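Please read through the structure below; I'll follow up with questions.
From a predicted model like this one, the values you see are computed outputs, not experimental measurements.
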Amino acid sequence: MILTVNIGNTHITVGGYEQDTLIFCGRLHSDPAATVEEYAIRLVNLLQLYGASPAQIEGGILGSVVPMLSGRVLAALQLLCKARILTVGPGLKSGIKLDTPAQLGAELLCGAVAALAECPGPLVVISADTAISLMAVNAKQELVGGVILPGPQLSMNALVQKTAQLPQIAPAARAPDSVLGKSTSACLQNGFVLGTASLLDGLADRFCAELGAQTAFYATGDLPRSIREACRTPIHYRETLITDGLHRIWLRNRKG
């Protein structure tokens with residue numbers, strides 16, 4: 001089994017592949033207070049939940065956008081198995097041309113690798129976690145840049161916490177039929193769903209203006225269906241896009 005581990009600001013996503021097929025994918029909370037041993041225990045428990053064990057791990061690859069957790073999770077993996085664990089970063093082959101590989105978030109690179117397996121480009125990868133990141137790949141399969149902005153849930157939480165009478169809303173709920181909200185909750189829901197969708201549509205127009213009208217958009221992570229469906233831009237959602245990208249990078253570098 002090949003293990004893929006992606007460390008995000010909110011979640012750690014763990015995937016297992018056998019014969020190039022994803023057999024499970026689960027998530028743990030990113031916990032800055034957890035020790036190496038605690039992460040090892042959590043990983044063992046996650047594997048057991050899906051009928052797997054550390055003894056089955058033949059190799060692995062780790063990507064991270066949280067440097068303070070990278071060493072601990074890697075050390076936890078090394079406690080569990082003796083297999084070679086690769087780390088996404090400079091020196092690994094990805095098949096994508098990068099100007100500054102050391103400054104690129106692992107999840108964006110992995111998402112782009114997986115998206116290019118479906119579409120030759122140009123394309124944009126939308127990765128939603130605590131932040132929303134959009135990264136563009138041109139028709140020459142060069143990663144050419146993008147934008148980062150606060151995620152909708154982070155923005156909504158900040159708004160509710162800093163105001164006296166605004167209620168929490170359900171992120172998964174669809175927007176009301178009219179943009180003219182008739183209650184505080186409806187107005188917030190419109191802002192959360194239609195506001196974020198309009199923001200993404202506006203950015204998509206700018207990406208298409210630079211990359212070409214045929215640019216494809218792939219999304220992964222915690223971008224609610226309600227927002228994706230409210231977008232006028234066609235968005236291909238792939239829940240395991242980053243996990244699949246990690247596995248593809250491992251395949252390119254397994255003989256190293």
Side-chain angles (χ1 to χ4, degrees), residues 6-13 25-34 64-66 68-69 105-108 110-112 115 123-136 145-210 215-243:
N6 178 55
I7 304 174
N9 288 294
T10 305
H11 295 108
I12 298 174
T13 305
C25 186
R27 296 201 297 183
L28 303 169
H29 279 294
S30 299
D31 184 357
S64 176
V65 296
V66 191
M68 68 177 295
L69 295 185
E107 62 186 20
L108 293 171
C110 295
L123 59 86
V124 174
V125 173
I126 305 170
S127 178
D129 189 42
T130 305
I132 292 181
S133 303
L134 297 90
M135 195 58 59
V147 301
I148 300 174
L149 60 146
Q153 190 60 63
L154 177 65
S155 298
M156 184 58 65
N157 289 344
L159 178 62
V160 171
Q161 290 169 7
K162 297 295 183 181
T163 52
Q165 293 183 313
L166 295 182
Q168 284 283 1
I169 59 171
R174 65 183 297 271
D177 294 331
S178 172
V179 72
L180 305 175
K182 303 302 183 183
S183 67
T184 301
S185 293
C187 290
L188 281 172
Q189 198 71 40
N190 276 340
F192 181 83
V193 176
L194 299 180
T196 306
S198 297
L199 182 153
L200 291 174
D201 283 334
L203 287 172
D205 288 343
R206 291 175 179 267
F207 276 107
C208 288
E210 295 203 35
T215 301
F217 292 83
Y218 285 82
T220 191
D222 295 325
L223 187 65
R225 178 188 292 271
S226 58
I227 292 174
R228 304 196 308 266
E229 291 179 346
C231 287
R232 294 172 179 171
T233 304
I235 295 176
H236 308 288
Y237 183 76
R238 301 290 186 268
E239 185 176 3
T240 62
L241 190 72
I242 295 171
T243 299

* Just how far is it from atom SG of C231 to atom CZ of F217, taken to the nearest 0.5 Å? -> 10.0 Å

* Structure fact -> Sorted by chain and residue number, the salt bridge (charged side-chain N to carboxylate O under 4.0 Å, His left out) partners of R27 (sequence neighbours excluded) come out as D222

* **Straight-line distance of L200 CG to I235 CD1, nearest 0.5 Å** =>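 Rounded to the nearest 0.5 Å, the CG-CD1 separation comes out at 5.5 Å.
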
* To do: Provide the closest heavy-atom pair for V193 versus I227 in the form atom of the first, atom of the second, distance.
  =>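 Nearest heavy atoms, V193 then I227: CA-CG1, 4.0 Å.
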
* Does any N or O in the side chain of S30 come within less than 3.5 Å of the main-chain N or O of G8, such that one atom is a donor and the other an acceptor? -> yes

* C187: side chain to side chain contact (heavy atoms under 4.5 Å, CB included) partners, not counting sequence neighbours ->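 Result, side chain to side chain contact (heavy atoms under 4.5 Å, CB included) vs C187: none returned.
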
* Mind checking what makes salt bridge (charged side-chain N to carboxylate O under 4.0 Å, His left out) contact with E210, not counting sequence neighbours? -> none

* Asked: Got a sec, which pairs hit salt bridge (Lys or Arg N to Asp or Glu O under 4.0 Å) with one end in residues 228-243, sequence neighbours left out?
  -> E118-R238, R225-E229

* Got a second to check how far I126's CD1 is from Y237's OH, nearest 0.5 Å? ->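 Between atom CD1 of I126 and atom OH of Y237 there are 11.5 Å.
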
* Side-chain donor/acceptor of D31 to backbone N/O of A33, under 3.5 Å ->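 Pair found, side chain donor or acceptor close to backbone of A33.
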
* Does any N or O in the side chain of S183 come within less than 3.5 Å of the main-chain N or O of A186, such that one atom is a donor and the other an acceptor? ->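 Yes; at least one donor-acceptor contact below 3.5 Å.
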
* Asked: Given side chains that start at C-beta, do those of I12 and V66 come closer than 4.5 Å, heavy atoms only?
  -> no

* Is there a donor-acceptor contact under 3.5 Å linking the side chains of T10 and T130? ->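 Looking only at side-chain atoms, T130 and T10 do form a donor-acceptor pair, the distance falling under 3.5 Å.
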
* Output all residues satisfying salt bridge (charged side-chain N to carboxylate O under 4.0 Å, His left out) with D201, sequence neighbours left out; order by chain, then residue number. => none

* Sequence neighbours left out, what passes ring-ring contact (aromatic ring centres under 6.0 Å, His included) with Y218? Give chain and number order. =>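 Scan of Y218 (ring-ring contact (aromatic ring centres under 6.0 Å, His included), adjacent residues dropped) gives H236.
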
